[in-house]
**Q** 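Next up is a structure, given as structure tokens.
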Amino acid sequence: TSETSMARKLDEKNYEIYLAKEQRTLAVLKHELYHVAKGHTDKTNELFNKGKNFEKKLRYLFIHEPKAAIYGATGLKL
């Protein structure tokens, strides 16, 4: 199994960002910071929690991840 980078909210003011060994680049760090800044790690995030589980996964894969990837690679905020 391969490692993956991730960000998660620990409490109201604290977050944790884990960068996998092979993914320790500025672009990946920016990608994860984008998720934190946009509230994607918050359990109360309406876009993430609205709808059924399948819809949540689609929204994550086709909305949140591409936006974070674009920000990580280019710095464009969408």
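Counting from 1, the numbers follow the sequence of the chain as shown. What you see below is based on every heavy atom in this structure, not just the backbone, and it leaves out hydrogens, waters and symmetry mates. As the structure is a prediction and not an experimental result, all values here were calculated from the model.
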**Q** Going by the side chain to side chain donor-acceptor pair (under 3.5 Å) test, name the single residue among His64, Lys9, Glu65 that passes it with His40.
**A** His64

**Q** Taking all heavy atoms of Ala7 and all of Thr41, pick out the closest pair and write down the distance.
**A** O-CG2, 3.5 Å

**Q** Using the rule that Ile, Leu, Val, Met, Phe, Trp and Tyr join whenever any side-chain heavy atoms are under 4.5 Å apart, tell me whether Leu58 and Tyr60 fall into a single cluster.
**A** yes

**Q** To the nearest 0.5 Å, tell me how far Leu19 CG sits from Leu29 CG.
**A** 5.5 Å

**Q** Kindly work out whether a path of hydrophobic side-chain contacts (I/L/V/M/F/W/Y, heavy atoms less than 4.5 Å apart) joins Leu76 to Tyr34.
**A** yes

**Q** To the closest 0.5 Å, what do you measure between CG (Leu33) and OH (Tyr15)?
**A** 11.5 Å

**Q** Which residue pairs pass the side chain to side chain donor-acceptor pair (under 3.5 Å) test with at least one member in residues 68-78, sequence neighbours excluded?
**A** none

**Q** How long is the straight-line distance from OG of Ser5 back to CD of Gln23, given to the nearest 0.5 Å?
**A** 3.5 Å

**Q** Which salt bridge (charged side-chain N to carboxylate O under 4.0 Å, His left out) pairs, counting each pair once, include a residue from residues 15-26, with sequence neighbours left out?
**A** Arg8-Glu16

**Q** Could you tell me which residues satisfy ring-ring contact (aromatic ring centres under 6.0 Å, His included) with His31, sequence neighbours excluded, listed by chain and number?
**A** His35

**Q** To the nearest 0.5 Å, what is the distance between OG1 on Thr25 and NZ on Lys30?
**A** 10.0 Å

**Q** Enter the distance from Leu78:CG to Ile63:CD1 here, rounded to the nearest 0.5 Å.
**A** 12.0 Å

